[in-house]
There are 2 protein chains.
Amino acid sequence: MTRRSAPAAAPSLRPGSGIGRDEELRPLRRDAEVNLGRILSAARDVFAEHGYEAPMETIAARADVGVGTLYRRFPTKADLFGEVALAARRRVREIAHDVLDTVVRDEAVFEFVRRCIAVPSVWRATISAPPWGSTHGTWLTEFSPLLAEIVERSKDAGALRREVEITDIVVLLKAVRAIADLCDTPGSKPSLRFLELSLDGLRPGHEAPAQPPLSVGQLAKRLDRH
Amino acid sequence: MTRRSAPAAAPSLRPGSGIGRDEELRPLRRDAEVNLGRILSAARDVFAEHGYEAPMETIAARADVGVGTLYRRFPTKADLFGEVALAARRRVREIAHDVLDTVVRDEAVFEFVRRCIAVPSVWRATISAPPWGSTHGTWLTEFSPLLAEIVERSKDAGALRREVEITDIVVLLKAVRAIADLCDTPGSKPSLRFLELSLDGLRPGHEAPAQPPLSVGQLAKRLDRH
DNA sequence: GCCTAACCGGAACTCACTATTCCGCTTCGG
DNA sequence: CCGAAGCGGAATAGTGAGTTCCGGTTAGGC
């Protein structure tokens, strides 16, 4: 995609610089600050809606800003996406923790999945990924423990089939995302129906599926190969 | 995509000419006949694997033939795809009829879905579609009655939740396709596991989902908008 | 109010990717 | 053995998207 020859290396993601990058060397001029906010917000929405494929111009338009402005703030598209994805991951972690803290045991997984999906501007950026690097690999590794804990809770509460693995949950999220891309409109979201139907398939009362689950490593590898 | 200005009109699909186009005006030279077979087979596989996006060169390479040869036989990519899709639709109809004829009532839908998916080189071409025209619309309209009959059977046998509509089945097929794209390798197919899990969600014993189903018309419109 | 460093918009440039065409060469088959 | 039918694949041409560039604009310190 990008011309740069470095094949699998993610561009400078400067892990430290979150959205609130106020404490930069030189503070931004007021108008620039406003534009930066606009850009990040637009990028969040547009990436959420169209994934990494979305053209920079679309983001610029949504932010009501010229493309040049995007590039003054973020050297490359990947940098911009990285910023958005970082915020998204942060958000997912919050959701996971909140679910563990406040949701009754048996509803844990279901609630987690529902909440992830309820924040489209966030989960899309996390679940979908740019073509470079092992984004999914890192993402999966990062969230495996948390997700495993959530899954375990629901299993212990007898609300989730014991055969279900965390990779099944991730796959389900992916599937719902695909359906959302295909069928959802602002007004009606068949993907939510599909989600509920599929979640029901994860509840106890069915025979164990013949097909074995994927390991986290396998799944990561496969998701990243695109 | 195509340079031709006719915007939404499917190119000459000459409904009559199936794969066995032996009875043409002038019979093909023996070697050309062989190549034609190779091309159709390659197109079937490649479209199955990558959808309409697959470049003509890929198909040519798989058929071990030059692109020129493709174009001598099929004026445009859409024509080639049309041919493949036609065969695919034919195949799906066969499957549907066979299921209705030979499968026990309660397994009808499940078996139908499984069989559709088991013929990747076919179902991909049917489920995925080229950017022109209302392919899904026609497809859905064409198969609705048959699919409805299959669904009805399983419902009557008490093996399928009454709330499930035929659009739910189509959506499920789409989702499995997406997962297959993402995760399947020749050696292992997590999409099959996902399929089984999701199918279980369609069996009785769960509360009715809150989200309403899509009508066939709505679904067709949405799938065709890409 | 003035001046300049920061900013801005968005046209233009580049590059990658493909459908499709073209044409000199090869091969079937009478 | 000859010509028509085929063939391969380089060349053509259109498209789309990331990135660069630069003349014009504006915030904000003095």
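Every chain is numbered from 1 and lettered A, B, ... according to where its sequence line falls, protein lines coming before strand lines. Computed from a predicted structure; not experimentally measured.
Here the side chain of Ser198(A) pairs a donor or acceptor atom with the backbone of Phe194(A) at under 3.5 angstrom. Formation of a donor-acceptor pair under 3.5 Å by the Asp168(A) side chain with backbone atoms of Pro213(A) is not found in this model. Side-chain N or O atoms of Ser191(A) include none that pairs as donor or acceptor with a backbone N or O of Asp184(A) at under 3.5 Å.
With rounding to the nearest 0.5 Å, the separation of SG in Cys116(A) from CZ in Arg114(A) is 12.0 Å.
Whole-Å rounding puts the Tyr71(B) OH to dA11(D) C1' distance at 14 Å.
Proximity of residues 56-65 of chain A to DNA chain D (heavy atom under 4.0 angstrom from any strand atom) is restricted to Met56(A).
Listed pair Arg72(A) / dC8(C) meets the phosphate criterion, a side-chain N or O lying under 4.0 Å from OP1 or OP2. An OP1 or OP2 oxygen of dC8(C) is reached within less than 4.0 angstrom by a side-chain nitrogen or oxygen of Asn35(A).
Relative to the side chain of Val67(A), the nucleotides dT20(D), dC7(D), dA10(D) differ in distance, and dT20(D) lies closest. Checking dG9(C), dC7(D), dT20(D) against every side-chain atom of Thr69(A), the shortest atom distance belongs to dG9(C). Side-chain proximity of Arg29(B) to the nucleotides dG18(D), dC7(C), dT27(C) is greatest for dT27(C).
Looking only at side-chain heavy atoms (C-beta outward), Leu80(B) and Met56(B) come within less than 4.5 Å of each other. The closest side-chain heavy-atom distance from Thr167(A) to Gln218(A) is not below 4.5 Å.
With hydrogens and angles left out, the side chain of Arg30(A) and the base of dA27(D) share no donor-acceptor pair within 3.5 Å.
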